[in-house]
Visitor: 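Before anything else, here's the structure in question.
All values below were derived from every heavy atom in this structure, side-chain atoms included, with hydrogens, water molecules and symmetry-related copies excluded. Numbers here simply count residues along the sequence, with the first being 1.
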Amino acid sequence: MKSIIDKSKFGPWALITGASSGIGREFARQVAASGINLVLVARRDTLLREVGAEVTGAFGVEHRVFVADLSQEGFIKGLAAATADLDIGLVVSNAGTGQPGRFLENDRDDMVRLLRLNTQAHLDVAYHFGRRLAARRRGGILLVGALGADKGIPYLANDGGAKAYVQSLGEALHVELKPLGVHVTVLPPGPTDTPVLVKFGLSAKSLPMKPMKAGQCVSEGLWALQKNRALMIPGRLNRIMSALVPASVSRALVAKMFAKTLANKGDHYGSDDTGEE
């Protein structure tokens, strides 16, 4: 695996949230390939330890596991204490998930929990570690959003709105932290071949185009962070469509896709966070 991250700037330690599967797990592999030690954060202990053992075995890096539910307020205190002795140069704020459904039929408490996970967790991570990075005058923060969130995502209204916050936050911090030597990039993936697709009831056949591989998504995000790009939509075709397809058309296409999927699934989706990315 090619090393693409400058360890002198973004090391010697990196923190990755939502590291137990999918895009987060791929971030762990690619960052570790650059010789950077990892703090792996998610709520699933067994999977986190599997990721840690994998990257240590493959790349010889150190790792720490911090088990936490980032939808719960106050997690940042424990995370701050657990990493206080580490020189963290890279933060990948990736934890998040979604629950497809009709807004008025969703459970409000579930939506509030997901709103905390998809917004406040990013705020807390960016605020605490952003101050540490600013003090060391180098490093980077990569915030993972969602493609189309800035346009509205029907049947993911709450979760898309939360990811729009992440994109706005990151693009603003890109400007604010640049003079302090800190890179900030937002990565809004489109459909990616991870467990989230299964959770959403989607497949390669039900999507208008083939889902992206997690490896490509992550490598483009890390490249953009290294170059200090404010926003990086992974995938050339995704970038073209985002620029050329009107928002109203995009919303209509997504609405049609999810409406069909909801009907096929009987409007029932599991509430477990199997796609914590």
Visitor: Honestly curious: do Leu225 and Met212 fall in one hydrophobic cluster under the side-chain, below-4.5 Å linking rule?
Guide: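 Looking at the clustering, Met212 is in a separate group from Leu225.
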
Visitor: Would you say Ser21 and Arg44 are linked by a side-chain donor-acceptor pair, where the criterion is simply a distance under 3.5 Å?
Guide: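 Looking only at side-chain atoms, Ser21 and Arg44 do form a donor-acceptor pair, the distance falling under 3.5 Å.
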
Visitor: Could you list the residues that satisfy side chain to side chain donor-acceptor pair (under 3.5 Å) with Thr56, not counting sequence neighbours?
Guide: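 Listed in chain order: His63.
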
Visitor: Rounded to the nearest 0.5 Å, how far apart are CE of Met257 and CG of Leu262?
Guide: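 Reported to 0.5 Å precision, the distance equals 10.0 Å.
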
Visitor: If you round to the nearest 0.5 Å, how far is CG of Leu90 from NZ of Lys7?
Guide: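 CG of Leu90 is found 13.0 Å from NZ of Lys7.
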
Visitor: Mind checking the CG-NE2 spacing from Leu133 to His128? Nearest 0.5 Å is all I need.
Guide: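 Rounded to the nearest 0.5 Å, the CG-NE2 separation comes to 9.5 Å.
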
Visitor: Looking at Glu220 and Ile233, what are the two nearest heavy atoms and their distance?
Guide: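 So the two residues come closest at OE1-O, 4.1 Å.
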
Visitor: With a cutoff of under 4.5 Å between side-chain heavy atoms, which Ile, Leu, Val, Met, Phe, Trp and Tyr residues group with Leu47?
Guide: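 So far as hydrophobic clustering goes, Leu47 is joined with none.
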
Visitor: Heavy-atom count around Met232 CE within 6.0 Å, excluding the residue itself: above 12?
Guide: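 For Met232, atom CE is crowded (more than 12 foreign heavy atoms under 6.0 Å).
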
Visitor: Decide if atom CZ of Arg136 counts as having more than 12 heavy atoms of other residues, nucleotides or ligands within a radius under 6.0 Å.
Guide: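 Counting other residues, nucleotides and ligands, CZ of Arg136 exceeds 12 neighbours.
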
Visitor: Quick check on side chain to side chain contact (heavy atoms under 4.5 Å, CB included): which of Leu231, Val144, Leu147 does Gln167 satisfy it with?
Guide: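 Single side chain to side chain contact (heavy atoms under 4.5 Å, CB included) partner of Gln167 among Leu231, Val144, Leu147: Leu231.
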
Visitor: CG/Leu86 to CG/Leu38 distance, rounded to the nearest 0.5 angstrom?
Guide: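 Reported to 0.5 Å precision, the distance equals 11.0 Å.
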
Visitor: With a 4.5 Å cut-off on side-chain heavy atoms, are Ser248 and Arg251 touching?
Guide: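 Arg251 reaches Ser248 side chain to side chain.
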
Visitor: Side chains of Leu222 and Gln30: does their closest heavy-atom pair fall under 4.5 Å?
Guide: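 Leu222 reaches Gln30 side chain to side chain.
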
Visitor: Sequence neighbours left out, what pairs pass ring-ring contact (aromatic ring centres under 6.0 Å, His included) with at least one residue falling in residues 133-183?
Guide: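 Matches after skipping sequence neighbours: Phe10-His183.
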
Visitor: Count the heavy atoms of every other residue, nucleotide or ligand shown that sit under 6.0 Å from NZ of Lys151, and state whether that count exceeds 12.
Guide: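 Count over threshold, so yes.
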
Visitor: Got more than 12 heavy atoms from elsewhere within 6.0 Å of CZ, Arg132?
Guide: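 Yes, the 6.0 Å shell around CZ holds more than 12 heavy atoms from other groups.
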
Visitor: Find the distance between CG (Asp45) and CZ (Phe66) and round it off to the nearest 0.5 Å.
Guide: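 Between Asp45 CG and Phe66 CZ, I get 11.5 Å after rounding to 0.5 Å.
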
Visitor: State the SG-CZ distance between Cys217 and Phe27, to the nearest 0.5 angstrom.
Guide: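 One gets 6.5 Å once the value is rounded to the nearest 0.5 Å.
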
